Amino acid sequence: MAMSREQIATRVARELKDGYYVNLGIGIPTLVANYVPDDIEVMLQSENGLLGMGPFPTDSEVDADMINAGKQTVTAATGASIFSSAESFAMIRGGHVDLTVLGAFEVDVMGNIASWMIPGKLIKGMGGAMDLVAGADNIIVTMTHASKHGESKLLDRCSLPLTGAGCINKVLTDLAYLEIKDQAFILKERAPGVSVDEIVAKTAGKLIVPDHVPEIEF
Amino acid sequence: MAMSREQIATRVARELKDGYYVNLGIGIPTLVANYVPDDIEVMLQSENGLLGMGPFPTDSEVDADMINAGKQTVTAATGASIFSSAESFAMIRGGHVDLTVLGAFEVDVMGNIASWMIPGKLIKGMGGAMDLVAGADNIIVTMTHASKHGESKLLDRCSLPLTGAGCINKVLTDLAYLEIKDQAFILKERAPGVSVDEIVAKTAGKLIVPDHVPEIEF
Amino acid sequence: MSGFNKVVDSYEEAMAGLTDGMTVLAGGFGLCGIPENLIAQIKKSAVKDLTVVSNNCGVDGFGLGVLLEDRQIKKMISSYVGENALFEKQLLAGELEVELTPQGTLAEKMRAGGAGIPAFYTATGFGTPVGEGKEVREFADKSYILEESITGDFAIVKGWKADKFGNVIYRHTAQNFNPLAATAGKITVVEVEEIVEPGELDPTQIHTPGIYVNRVIKGNFEKRIEQRTVRD
Amino acid sequence: MSGFNKVVDSYEEAMAGLTDGMTVLAGGFGLCGIPENLIAQIKKSAVKDLTVVSNNCGVDGFGLGVLLEDRQIKKMISSYVGENALFEKQLLAGELEVELTPQGTLAEKMRAGGAGIPAFYTATGFGTPVGEGKEVREFADKSYILEESITGDFAIVKGWKADKFGNVIYRHTAQNFNPLAATAGKITVVEVEEIVEPGELDPTQIHTPGIYVNRVIKGNFEKRIEQRTVRD
C-alpha cells in the first residue's frame with residue numbers, strides 16, 4: 001500500500017544524523033521534524049534567516065517578528081542564530097546545510113527537478129527552492145509517485161520548467177525510495193505491500209530494478 | 001614657501017563637510033583628523049572594520065582588540081560601529097565613504113595613481129589602498145610635489161606600478177592644489193609664497209595654469 | 001552631532017524626493033519586517049511607474065499590496081508573489097511586469113549592489129528559465145550563471161532600534177532582507193520602533209552601520225501576522 | 001546535544017587532519033584577533049608546504065611569522081606583508097611565493113568562497129598589476145576585473161566567546177577577517193577566550209553561526225600589541 005505522508009516523513013527521518021543542519025521544505029518535508037529519532041539531534045534551517053527553528057509558539061509566545069520560511073509563527077531553539085537573508089543563503093549556496101528535503105512536481109533521470117511553475121496556471125515564484133537545490137549536495141525529494149490522474153512524476157526528461165539541473169540523486173515517493181545514477185532511477189526500496197511491478201508501471205523514466213528490493217519497514 | 005605637513009592637513013580639512021564619513025590613509029592624511037573645523041563633525045572609517053574612530057586610548061584604556069588600519073591602538077567614538085573586513089570594504093567599494101585622503105608616490109594626468117610598490121625595493125603590499133581608490137568618488141591625494149632628488153611626482157604617465165587607473169582628480173602637494181581634468185593637471189591654488197613658475201618647473205605632466213591662481217591662506 | 005543626525009519627523013520628509021519611475025528596494029519577508037508606514041506613504045504620495053524590488057509583494061490590502069491598488073507598480077523583482085489576488089489579476093492582464101528572481105540570488109544582488117560588486121556567478125538557476133539569456137561559465141567543472149547586482153533610488157527598511165546616527169538593529173527574523181536593501185539605496189530610509197541616543201547600541205552588535213542610512217523615523221506598526229500557528 | 005557539541009580539549013585535536021600541502025585560511029589583522037595558539041600548534045605539528053591565506057603574515061617570532069622559521073609556508077596570499085624581516089628574506093631569496101591581493105578583494109574572496117559564489121567582479125585592481133591576466137568587463141561604462149573566490153582545507157579563527165554549538169562572537173576590531181575565514185574552511189577551528197552554554201548568546205547577535213564551525217577550543221592569549229599608541 002502506498003505510504004502515508006507520515007510514513008514518508010518517517011522514512012526520510014532515517015536519513016538524519018546526529019548534528020545535521022537540515023532545511024525542510026513546505027508540505028511533507030515539514031513533517032520530518034516530527035519523526036527525528038530520539039537519540040539524535042538536528043538543527044533546522046529556515047531560509048528567511050533562522051538556524052535552530054523551535055516548535056510553534058504557545059498562544060502567548062506568538063511574535064510577528066519570529067516566523068519561518070513558510071511565514072508561520074515559530075520559536076527559536078536553544079543555541080539558535082538569526083541573521084540576514086544574504087547570510088542565510090550564503091549557508092545554503094555554500095553547501096553548509098547537511099540535508100535538504102523538498103517536494104517536487106517532477107524529477108528525471110538526469111537529476112533535474114521541476115517544482116515551482118506550471119505554465120498556464122499561476123506562477124507564485126521559486127522562493128528559495130532554486131538556491132536550495134543548487135547549493136546542497138545532499139537532497140531528498142519527496143512526492144507522490146504519480147499524479148492524481150495516474151501520470152508518472154519520474155520521467156526521462158522533466159516536462160515542466162526546471163528548478164535545478166542535474167542536482168537530485170535521491171527520491172522518496174509514496175511507493176518507493178529511488179536513487180538517480182547513470183541516467184536512470186535505481187529502485188532501492190519499496191513501500192510495504194507495493195509490488196515491483198506497480199512501481200515499474202508507474203515509473204515513466206528509465207528504471208533499474210535490482211534483484212532484491214527490500215520493503216521499507218515501520 | 002612649501003607647505004608643512006600640518007598646513008597640508010589643514011588645507012585638506014577644508015574639504016570636509018559636516019556629516020562626512022572619511023577614510024584617512026597613513027602619514028599626512030592621518031593628521032587631517034587634527035584639523036577638523038570646530039563647527040562640523042566627521043566620522044572616521046578605518047578599513048580593518050571600524051566606523052567612528054576615536055582618539056588614542058589613555059594608558060589604562062589600551063586594548064589589544066581595538067586597533068585601527070595602521071595597527072595603532074585606538075578608541076571608538078560615540079555612535080561607532082565595528083564589523084568584519086568584508087563589511088568594511090563593502091562600504092569602501094560600494095562608494096559609501098564621502099572622502100578618502102591618501103598618499104602617493106606618483107599621480108598622472110590620466111588620474112592614475114602609484115602608491116604601493118617600487119620595483120627592486122621592498123614590496124610590502126597594497127593593503128586596502130587599491131580598494132580605496134577604486135571605490136571612492138571623492139579622493140584627495142596628498143604628497144610632496146617632487147622627490148628629494150627634485151624629480152616631479154606629477155607626471156604624464158606614472159612610471160611605477162599603479163594602485164588605481166583613472167580614479168584620481170584632486171591632488172594636494174606641498175606646493176599646490178591641483179585638479180585633474182581632460183588629461184591635464186589644472187593648477188587651482190598655490191602654497192603661500194610659491195610662484196606659479198616654481199610649480200610649472202616642478203610639474204612634469206601637462207599643466208594648465210589659469211589666469212588667476214590664488215594663494216592658499218592660513 | 002547635527003551632521004550625523006538622520007532623524008526626520010514626518011513620513012512626508014522621510015520619502016521626500018521619490019518620483020515617478022524610480023526603483024525602490026524594500027526590506028521584509030512576507031509581512032514580517034516590512035516598512036509598513038513607508039509603504040503607506042508611497043501610496044499616499046501617488047507616485048507611479050515604480051520598479052519595486054522585494055522578496056514578496058505583500059498581501060491584498062497590506063504591505064506592498066496596497067501599491068497595486070492604484071497601479072503604482074510597473075515592475076516587481078521578487079522571488080515569491082503568491083498570497084495576492086490583485087497581483088495575480090494584474091499579472092495575468094499584462095498590467096504588471098514581474099522578474100522572478102531566486103530568493104538567495106535576490107539577497108545577494110542587493111548585497112552586491114551595496115558593496116560595489118557589479119556582478120557575481122552563482123549555480124542557482126543554471127539550466128532553468130532563470131538562467132536563460134545569462135552567461136554560463138564553469139568553475140572547477142561546475143556550471144554557474146552570471147547575475148548582475150541591484151541598486152535602488154530609494155531603499156525602505158524596517159528596523160527595531162536605531163540611534164540618531166542611523167545605526168540600526170533588527171528584531172528576530174524581521175531582519176531578513178532589511179540590512180541588504182539598506183546598503184543598496186541611493187537614499188536609504190529606515191523606520192524603527194525606537195530611536196535611541198548614539199552610544200546606546202553596542203558598536204559590535206550593529207546590523208546596519210549608519211553610513212548606509214540617510215533618514216531615520218520612528219513609526220507605529222501593526223505587524224500583521226500572515227500564518228498564525230500555535231502549539232497547545 | 002552531543003551532535004552539536006563542537007568543543008575539543010586539546011590543540012592536537014583542534015588541528016587534527018592538517019597535512020602537508022594544505023591551504024589554511026587565518027583570521028586576524030596585523031596581530032589583532034589572530035588565532036595564536038592554533039598557529040603555534042601548526043608550528044608544533046611541523047606540517048609543511050602550506051598555502052596560507054591571511055591579510056598579514058604576523059611579525060618575526062609571533063603570529064604566522066613563526067611558521068616562516070621552519071619554512072612551513074610555501075605560499076602566502078595576503079594584502080600586506082611588511083613588518084617581518086624573515087618574510088622579506090625568504091621572499092627575496094625566492095623561497096616563498098607571495099600572491100598579493102587587495103585587502104577588500106581578499107575579504108570578499110573568502111566570503112564568496114564560503115557563500116558558494118565562485119567569482120565576482122570588482123573595480124579594485126583594474127589597470128594595475130593585480131588585474132594582469134584577469135578578465136576585464138564593463139558594467140555601466142566602468143571597468144571591472146574578475147576575481148575568483150578562495151576556500152581552504154582549514155580555517156583557523158580567533159573568537160571572543162563561543163557556545164558549545166560553535167556560535168561565535170568577536171570582540172571589538174578583533175573581528176576583522178575572522179568571520180570570513182570561518183565560512184570558507186572545509187574544517188573550521190575556532191579558539192576563544194570563553195566557552196558558554198548554548199542559549200547564553202543572543203541569537204540575533206551572533207557573528208558566526210555554528211553551522212560554519214567544526215571545532216571550538218578555549219585558549220589563553222598573549223594578545224601582543226603591534227603599535228601601542230596612547231594619549232596623555
Side-chain angles (χ1 to χ4, degrees), chain C residues 32-33 102-105 107-126 134-151 159-161 167-176 178-180 183 201-209, chain D residues 32-33 102-105 107-126 134-151 159-161 167-176 178-180 183 201-209:
Chain C
C32 181
Q103 192 173 342
T105 298
E108 193 67 14
K109 276 173 175 259
M110 287 199 239
R111 185 211 172 256
I117 306 278
F120 57 90
Y121 289 93
T122 176
T124 302
F126 166 74
K134 290 173 185 161
E135 183 194 308
V136 174
R137 187 181 295 217
E138 304 230 325
F139 296 93
D141 290 334
K142 188 171 171 180
S143 297
Y144 298 84
I145 60 174
L146 182 66
E147 291 281 6
E148 297 194 19
S149 64
I150 293 177
T151 56
W160 180 27
K161 296 181 186 180
N167 293 306
V168 185
I169 60 173
Y170 305 94
R171 190 165 172 277
H172 302 333
T173 61
Q175 181 170 170
N176 56 61
N178 280 298
L180 315 170
T183 66
L201 301 176
D202 178 344
T204 68
Q205 301 292 20
I206 285 162
H207 295 123
T208 295
Chain D
C32 180
Q103 192 173 341
T105 297
E108 191 69 13
K109 276 172 174 260
M110 286 200 241
R111 183 207 174 261
I117 305 279
F120 57 90
Y121 288 93
T122 176
T124 301
F126 166 73
K134 290 173 184 162
E135 183 193 310
V136 173
R137 186 181 292 215
E138 305 228 326
F139 295 95
D141 290 332
K142 189 170 171 182
S143 296
Y144 297 84
I145 60 173
L146 182 66
E147 292 280 7
E148 296 194 20
S149 64
I150 293 177
T151 56
W160 179 28
K161 296 182 187 181
N167 294 305
V168 184
I169 59 173
Y170 304 95
R171 190 164 171 276
H172 302 331
T173 60
Q175 180 170 170
N176 56 61
N178 279 299
L180 315 170
T183 66
L201 302 176
D202 178 345
T204 68
Q205 300 292 21
I206 285 162
H207 295 124
T208 295

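So that the names make sense, note that chain A is the first sequence line, chain B the second, and so on, each numbered from 1. Since the model is a prediction, treat every value here as computed from it, not as a measurement.
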Per-residue tally against chain C (heavy atom, under 4.5 Å) across Thr204(D), Asp202(D), Thr124(D) peaks at Thr204(D)
Given heavy-atom pairs under 4.5 angstrom as the criterion, report whether the side chain, backbone, both or neither of Pro118(D) touches chain C. both
Does any backbone or side-chain atom of Glu147(D) lie under 4.5 Å from a heavy atom of chain C? Answer side chain, backbone, both or neither. neither
Can you name the residues that form a salt bridge (Lys or Arg N to Asp or Glu O under 4.0 Å) with Lys142(C), not counting sequence neighbours? none
Examine distances only and state if a side-chain atom of His207(D) and a backbone atom of Gln205(C) form a donor-acceptor pair shorter than 3.5 Å. no
Partners meeting side chain to side chain contact (heavy atoms under 4.5 Å, CB included) with Glu135(D) (sequence neighbours left out): Arg137(C), Tyr121(D), Arg137(D), Leu146(D)
Between Ala115(D), Ala119(D), Ala123(D), which residue shows the highest count of heavy-atom pairs closer than 4.5 Å to chain C? Ala119(D)
Based on non-hydrogen pairs under 4.5 Å, which of His172(C), Glu108(C), Gln175(C) is most in contact with chain D? Glu108(C)
